[in-house]
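Since the structure comes first, as C-alpha cells, the remarks are kept for the end.
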Amino acid sequence: MKNKNEMMVNNGHELVDVENIYQNIRNKIITAREKMFKHIDTTMTEVYWYVGKITYELSENRTKASYGKKVIDVLSSKLTNEFGSGFSPVSIKRMRRFYEMYPI
C-alpha cells in the first residue's frame, strides 16, 4: 500500500497519480516564484539607479554640500514613511554611488 504522499486515486475509470500531479504543480510554482524574484530584483535595481541619478544631478547643480544632505534627509523620510525601510539616508547615498559607478 502506498502512503498518502504517493497516493493513487481511482476516479472510477482510471488511476490518477496524485504525487505526480502535485510535483508538476509544485515545479510550476517554484519556477514562477524564481521568475518573479528575478523581475523584482531587476526592477528594484532600476529604481535604485534612478534615485542615485536624481540625487547625483541635484548635487551637481548645487554648490553647498549641506543642501544635498538636507534633500537626501527629506527624501529619505518621505520615502521611508510611504514605502518602509530601504530608503535611509545611507541607502540613498549608496544609490548615488551606484549611479556614479554605472551612469549608463
Side-chain angles (χ1 to χ4, degrees):
M1 177 178 173
K2 293 187 176 204
N3 69 31
K4 106 175 144 176
N5 288 333
E6 300 173 1
M7 183 168 54
M8 301 289 279
V9 177
N10 184 340
N11 70 359
H13 301 286
E14 62 186 333
L15 291 176
V16 177
D17 184 353
V18 176
E19 180 62 20
N20 190 36
I21 294 169
Y22 164 77
Q23 287 298 330
N24 287 336
I25 293 170
R26 180 182 176 276
N27 290 337
K28 284 288 188 191
I29 292 168
I30 290 170
T31 301
R33 284 182 177 173
E34 289 171 354
K35 286 180 182 178
M36 180 182 67
F37 289 137
K38 285 178 186 176
H39 183 71
I40 289 170
D41 288 345
T42 300
T43 302
M44 288 311 298
T45 299
E46 291 172 0
V47 168
Y48 297 153
W49 182 89
Y50 181 77
V51 171
K53 178 181 188 288
I54 295 299
T55 56
Y56 176 83
E57 289 173 350
L58 280 172
S59 68
E60 290 295 300
N61 293 329
R62 304 288 179 227
T63 55
K64 295 185 178 180
S66 63
Y67 177 81
K69 182 184 180 331
K70 288 178 186 175
V71 169
I72 288 174
D73 289 344
V74 172
L75 282 173
S76 171
S77 177
K78 292 176 80 60
L79 291 168
T80 299
N81 283 339
E82 184 166 352
F83 300 107
S85 64
F87 295 98
S88 69
V90 170
S91 293
I92 292 175
K93 289 174 188 172
R94 287 183 183 141
M95 293 172 203
R96 179 182 162 175
R97 282 196 298 269
F98 176 64
Y99 172 78
E100 290 171 352
M101 293 177 70
Y102 304 99
I104 298 174

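These values consider heavy atoms only, across backbone and side chains, with no hydrogens, waters or symmetry-generated copies. Note that the coordinates shown come from a computational prediction; the quantities given were computed from them, not determined experimentally.
Sorted by first and then second residue, the side chain to side chain donor-acceptor pair (under 3.5 Å) pairs involving residues 25-37 (not counting sequence neighbours) form an empty list. For residues 92-104, every residue pair satisfying the salt bridge (Lys or Arg N to Asp or Glu O under 4.0 Å) rule, not counting sequence neighbours, is listed here: Arg96-Glu100.
A side chain to side chain contact (heavy atoms under 4.5 Å, CB included) with Leu75 is found for exactly one of Ile72, Asp73, Val71, namely Val71.
Judged as a side chain to side chain donor-acceptor pair (under 3.5 Å), and not counting sequence neighbours, the contacts of Ser91 are Ser88. By the side-chain contact (heavy atoms from CB on, under 4.5 Å) test, Asn20 is found to be paired with Asp17, Asn24, residues two or more places apart in sequence or in another chain being considered.
At a threshold of 4.5 Å between side-chain heavy atoms, the hydrophobic network of Ile, Leu, Val, Met, Phe, Trp and Tyr places Met44 and Phe37 in one connected group.
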Please tabulate, for side-chain N and O atoms in residues 45-53, each donor-acceptor pair with protein atoms closer than 3.5 Å (sequence neighbours left out).
| from | atom 1 | to | atom 2 | distance (Å) |
| --- | --- | --- | --- | --- |
| Thr45 | OG1 | Asp41 | O | 2.8 |
| Trp49 | NE1 | Tyr102 | O | 2.5 |
| Lys53 | NZ | Glu57 | OE2 | 2.8 |

Identify each donor-acceptor pair in which a side-chain atom of residues 76-86 lies under 3.5 Å from a protein atom, sequence neighbours left out, and give them as a table.
| from | atom 1 | to | atom 2 | distance (Å) |
| --- | --- | --- | --- | --- |
| Ser76 | OG | Phe87 | O | 2.7 |
| Thr80 | OG1 | Ser76 | O | 2.8 |
| Asn81 | ND2 | Ser77 | O | 3.2 |

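Within a 6.0 Å radius of CE in Met101, no more than 12 heavy atoms belonging to other residues, nucleotides or ligands are found.
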